[in-house]
Protein chains: 2
Amino acid sequence: MTARREHRLVFLLSVAQRRLQRWIAAQTQQSGVTAAQSGLLFVLGQRDGVLMGEAGAALDLGPPGISGLVDRMTAANLIRRRADPDDGRAWRLWLTPAGRAALAQSKAGLAEVNVRLTEGFTDAEIDIVARWLTSLQSKFPRGEDE
Amino acid sequence: MTARREHRLVFLLSVAQRRLQRWIAAQTQQSGVTAAQSGLLFVLGQRDGVLMGEAGAALDLGPPGISGLVDRMTAANLIRRRADPDDGRAWRLWLTPAGRAALAQSKAGLAEVNVRLTEGFTDAEIDIVARWLTSLQSKFPRGEDE
DNA sequence: GGAATTTATTTCGCATGCGAACTATCTATG
DNA sequence: CATAGATAGTTCGCATGCGAAATAAATTCC
């Protein structure tokens, strides 16, 4: 009967994520870009022309996840999909001008969110939080990489 | 250019939540109960016969969220829905025997997950994490309760 | 070179949960 | 009492992302 269980971390984590997701969706309502979509925009901002699988890995999404995200963002004219010249199975993803504009907006929005996320906590405390969140990736691995 | 932004907390949070969710889904695959569903089981374990709205509030779900969850769990024979005798609009939720059995299983599973979630962190650190997760609820409120 | 295997991506059915709009019931107010 | 407003749930269309199975192209191994 430790106090640790009383934190109900599983529940807190799910609520926190849902709240943040909803907030970002509301903030970016004008641009129509969702949190997940801005994630892909960020990846392409750093490495335009990545393979879908690479983008999925960067976002921790499986094949169906990245595939659907790409479909929606292609339909929204935020990204473009071009066949890889060296591999007939693969596709590379590129930002469109609209995607580049949306990325700039997302960057500004994320800066605000980050300020709010860290308000009331010291750098040392945020480090602990980040370390905890990161630790979940090895504690709850995807199928293969155990 | 503080180091805080480099943590990419938004991304870490979403990945952590996804990993945990997926893990719980895989663990409870036999019982067929998902993480969200076990949340409602826990609520009913504490207060059998709550109104749908109360359950939604306890789980931080809006009306459509709790409504769909109740639909699926009723179809799976985990809970039962009965009209409130005093209010023709309202429904009260009750565990079925199958739901009670699933709750017992979920409790055991959650205990394991909680151990893993806190592994490698001191009580003080987990307190900070819990405080941070909780702080998101006031930093990113639902529409009305700003 | 051809068969077996691996790899990249898609498709399907599903659960989750949102916002907006709707229905039905209850409560308050004139 | 009647009507206006609040409240409890439902429904719809959507985005997200999973596991399983399918497709197609590349690679490996006789």
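Chain identifiers are assigned alphabetically (A, B, ...) following the order of the sequence lines, protein sequences preceding nucleic acid strands; residue numbering begins at 1 within each chain.
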Closest nucleotide of DNA chain C for A:Pro64 versus for A:Ser14: which of these residues is on the 5' side? A:Pro64
Base, sugar-phosphate alone, or nothing: which one does B:Gly68 contact when heavy atoms must sit under 4.0 Å apart? nothing
Considering every strand and a 4.0 Å limit on heavy-atom distances, what is the contact class for B:Asp87: base, sugar-phosphate, or nothing? sugar-phosphate
Looking at A:Arg89, I'd like to know whether one of its side-chain N or O atoms comes within less than 4.0 Å of OP1 or OP2 on C:dT6. no
Nearest whole angstrom, please: distance from the C1' of C:dA15 to the CD of B:Gln17. 13 Å
Starting at CG of A:Leu20 and ending at P of C:dC18, how long is that distance when rounded to a whole Å? 14 Å
CZ of A:Arg72 versus C1' of D:dG17: gap in Å, rounded? 8 Å
Between B:Arg81 and D:dT10, is there a side-chain N or O to OP1/OP2 distance below 4.0 Å? yes
Does NZ or CZ of A:Arg22 lie under 6.0 Å from the centre of the six-membered ring of B:Phe140, at an angle within 45° of the ring axis? no
How close or far is atom C1' of C:dG19 from atom CZ of A:Arg22, stated in whole angstroms? 11 Å
Closest to side chain of B:Gln37, choosing from D:dG9, C:dA15, D:dC18: C:dA15
Distance-minimising heavy-atom pair for A:Ser38 and A:Val33: N-CG1, 3.7 Å
Nucleotide nearest B:Pro63 when distance is taken to its side chain, options D:dT10, C:dC18, C:dT9: D:dT10
Does B:Gln21 make a side-chain N or O approach to OP1 or OP2 of D:dT16 shorter than 4.0 Å? no
Within 45° cone and under 6.0 Å: A:Arg82 NZ/CZ vs A:Trp94 ring: yes
Phosphate oxygens OP1/OP2 of C:dC18: is one of them under 4.0 Å from a side-chain N or O of A:Arg18? yes
Could you tell me the separation between the CD1 atom of B:Ile24 and the C1' atom of D:dG17, rounded to a whole number of Å? 16 Å
Can you tell me how far C1' of D:dA15 sits from CH2 of A:Trp23, to the nearest Å? 20 Å
Tell me: CG of A:Leu13 to P of C:dT16, nearest whole Å? 17 Å
Closest listed nucleotide, where the reference is the side chain of B:Trp91 and the choices are C:dG17, D:dC18, D:dT10: D:dT10
Go through C:dT10, D:dT10, C:dA8 for me and flag the one nearest to the B:Met52 side chain. D:dT10
Does the side-chain contact (heavy atoms from CB on, under 4.5 Å) test come out yes or no for B:Arg18 and A:Asp60, once each step is laid out? CA-CA 9 Å; B:Arg18 208 127 37 70; A:Asp60 198 57; 3.9 Å; yes
Tell me whether the side-chain N/O atoms of A:Ser67 come closer than 4.0 Å to OP1 or OP2 in C:dT9. no
Using whole Å, report how far CD1 of B:Ile66 lies from C1' of D:dT11. 16 Å
Determine, stepwise, if the pair B:Arg81 / B:Asp71 fulfils salt bridge (Lys or Arg N to Asp or Glu O under 4.0 Å). CA-CA 9 Å; B:Arg81 176 158 47 185; B:Asp71 281 351; 3.2 Å; yes
